[in-house]
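Throughout, numbering of the chain's residues begins at 1 and tracks the sequence.
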Amino acid sequence: MTDYQESSAPPGRAREGRLGRRLRLTSLRIRLIAVFAVVALTAAVSASGIAYWLNRDAVLKRAQDSALNDFRDSLTRNVTDMPLKPSCDDLRALARVVASPQPWLNYQVVVVDPAHPDCTASSNPARFSVDRVPERLRTTVSTPRPLVNGNDFRYHLYWQRTILDGEPFVVGGTRIVPTGPTAYMFKSLSDERTDLNTLAWSLGIATLLALVGSALLAQGASATVLRPVKRLGEAARRLGQGHLDTRLEVGGADELADVARTFNSTAEALAAQVEELSARESASRRFVADMSHELRTPLTAMTAVTDILEDEADSLDPMIEPAVRLVVSETRRLSDLVENLMEVTRFDAGTAKLVADDMDIADLIMSCIDGRAWYDAVELDAPRGVVARVDPRRLDVVFANLIGNALKHGGSPVVVRVRAEQAPADAWAGGPHPSRQLVVEVQDSGPGIREDVLPHVFDRFYKADKGRARSEGSGLGLSIAMENARIHGGTITVANAPAKPDGTPGGAVFTLTLPMAPDDTEPPDPDGEDPPGGPEGPCGPDRQDGSSTGGAEHGGGNAGAPGTERSGP
C-alpha cells in the first residue's frame, strides 16, 4: 500500500473543520468495517450452517442406524423362541428381552398383537405404550407391500423421528411375522441433541470470533487506505485555500500513487495558470492606473478651457454654441470616468484607505441633499442621534450614488429611511461582532428593476439597456458605492418593494447596511490621494475640474444630479 505525506505542514484549522473531517472519515471507516463484517458474517454463518447440518445428519443417522440394526438383530434372535400363539406374558417377555441392554443404545420396546388387544407388552410400561407411536408410522408398518420389483418381503422396518414429552426420539416398527405381533422401538436422542447443541455453541463462538477478527482486519485495512486519502483531502483543502505550493510526497506504483501524482501535476498546472493570470491582472491594473494618471494632466487643462468656453457660450456664434457645449459635457464626462477608474484601481490594489470618525448619519444625508439641491425631490426619515463610525467622504459617495440614481432612473419622490437596529448573530462573520448596525434604505417611485437585472446591478460597466451605450452613466457608480460599503465592513442590497394598495409599483429599494463601529479603520494617509468627493468635505460642491462628488456623471437638474449612476432600466 502506498503511503505519502504533504510536503508542507498544514496550517491551523477551525474546530468545525476538524470535526467535520473526523466524522466523514469515521463514516467511511464504519462503512468499510461493516462491509468486512457482513462478508465475514455471511461466510462464517454459511460455513457453520453447512457444518452443523452435515454433522447433525451424521450424528442422528449413526444413532438411529445403530439402534434400528440392533433392534432388528435382537428381534431375529429372540422371535424363534416364541410360540405360534403367544400369550400376553410371552409378549411382555419378548419386549423385555428385545429391549437394548447396552447403555449406549438405550432403547425401549413395545409389542402388540391383534389377538390380545388389551395386553400392554412394554419394556417400560410406565412411559411407553403403543399409543405413543405416531399414527402415520403405525399405518405404514401394518400395510403390506406387494412382492414385485425385487421386493421379497411384505413387511419392512420403518422409522420416524418425533418429540415425546419434549424429548427427541426415533421410533421404529415392524411386523414380526405376517400373522404375528408387531414390535416398536423407542430410542431417545437426548444425548445426540446435547452433542449437537454443544456443536452449535462452538460454531456460534467461532462465528463471533470470525466477526471480531474481520472487524479488526477492516480497521487495519481502513487505516491503511484512509491515511493517504485523508492527506490527499487535506492537501486539496489547502490548495483550495490558496496555498498553491502544496504538494504530496509519492511512493509506490498503485492507484493511490497515481492519484497523488495527478494531484501534484494538477496543482503545478493550476499554480502556473494562477501566476499567469495574476501577472496579467496586475499588468491590467497598472495599465489602467497609469493611463488614468497620464490622462489627468491633459484633462485638467482641458477642463479649465471648457470652463472658460462654458462661461462664454452665450456670446458665441449660435452655429458653434452646440458644439462647444458638447465638448464641455464630454470633457467633464471623460474626467469623471478617469476619476472612477482611478478609484476602481485603488480598490483592486487594496490601497483604498478608510478615514473614519463618529458622525451623525442624519447630518451627513442632509448635507448631501443640500449640496445637490435635492430639497423638493427627497423625503428624509432620519432621526437625530444615530451616530456611527464612518468615513464621511466615502459615505458621501454611497449616498450620492444611491439617491441620485433613484432620482435619475426611478423618479421622485425618493424616500430615505435611517434606523439603527440589533445586528443578527451571523451578520458580521468576518470580524468582531457589533451589537448594533446601521440601515439606510433609499426607495424611489419608479417601476422597479427587472428581475433579470437585479443580480447585475452592482457589476462594473453593466447597463440594463444595451441600446443606451452612449448614456451618461459609465456603469461604475454603483460598483464604487458597493466597494465603499464593503470597506466599512458593510454591504448594499437591492430589491423591488411590494406594490402599493392602488396597484402601482412600489419602486426599487437599495439598502445600505453598516456596522455601527467598523474594526478596520485606518488613520489618514498624508501621502495618499483624497477619495472621490473632493477636498471640500462630505457632500460638498462639485470640484473645480468639473467632476462631480462621488465620481459619477454630471448633469443638470434632479434627474441628472452629480454622483448618480445605476445599471437599472
Considering all heavy atoms of both residues, which atom of [X] and which atom of [Y] are nearest to each other, and what is their separation?
| X | Y | value |
| --- | --- | --- |
| Pro413 | Glu379 | CB-OE2, 3.8 Å |
| Leu478 | Phe458 | O-CD2, 3.6 Å |
| Ala271 | Arg247 | CB-NH2, 4.3 Å |
| Gln422 | Gln437 | O-NE2, 4.2 Å |
| Asp444 | Gly411 | CB-O, 4.0 Å |
| Ala481 | Asn401 | CB-CB, 4.2 Å |

My understanding is that only residues two or more places apart in sequence, or in another chain, count here; which of them pass side-chain contact (heavy atoms from CB on, under 4.5 Å) with [X]?
| X | result |
| --- | --- |
| Leu380 | Ile365, Met366, Ala382, Val416 |
| Arg419 | Glu421, Val439, Glu441 |
| Leu41 | Val45, Thr207, Leu211 |
| Leu454 | Ile449, Glu451, Val494, Asn496 |

Partners meeting salt bridge (charged side-chain N to carboxylate O under 4.0 Å, His left out) with Asp357 (sequence neighbours left out) | none
Partners of Asp502 by salt bridge (charged side-chain N to carboxylate O under 4.0 Å, His left out), sequence neighbours excluded?
-> none
How about Val414 and Trp374: do any of their side-chain heavy atoms sit closer than 4.5 Å?
-> no
Would a 4.5 Å heavy-atom cut-off, applied to side chains only, mark Ile492 and Thr511 as touching?
-> no
To the nearest 0.5 Å, what is the distance between [atom1] on [X] and [atom2] on [Y]?
| X | Y | atom1 | atom2 | value |
| --- | --- | --- | --- | --- |
| Phe263 | Leu270 | CZ | CG | 9.5 Å |
| Leu402 | Gln443 | CG | CD | 13.0 Å |
| Leu514 | His488 | CG | NE2 | 6.5 Å |
| Arg237 | His243 | CZ | NE2 | 12.5 Å |
| Leu244 | Arg238 | CG | CZ | 10.5 Å |
| Met359 | Ile361 | CE | CD1 | 8.0 Å |

Is a side-chain N or O of [X] found less than 3.5 angstrom from the main chain of [Y], in a donor-acceptor match?
| X | Y | result |
| --- | --- | --- |
| Asp396 | Pro392 | no |
| Asp360 | Val387 | no |
| Asn264 | Leu248 | yes |
| Asp391 | Val355 | yes |

Before accepting this row, confirm whether a basic side-chain N of the pair Arg261/Asp258 lies closer than 4.0 Å to the acidic partner's carboxylate O.
-> yes
Ion pair check, Arg231 and Glu234, cut-off under 4.0 Å | no
Would Val457 and Phe510 count as a side chain to side chain contact (heavy atoms under 4.5 Å, CB included) if you check the C-alpha gap in whole Å, the side-chain angles of each, and the deciding distance to 0.1 Å?
-> CA-CA 11 Å; Val457 165; Phe510 286 80; 3.8 Å; yes
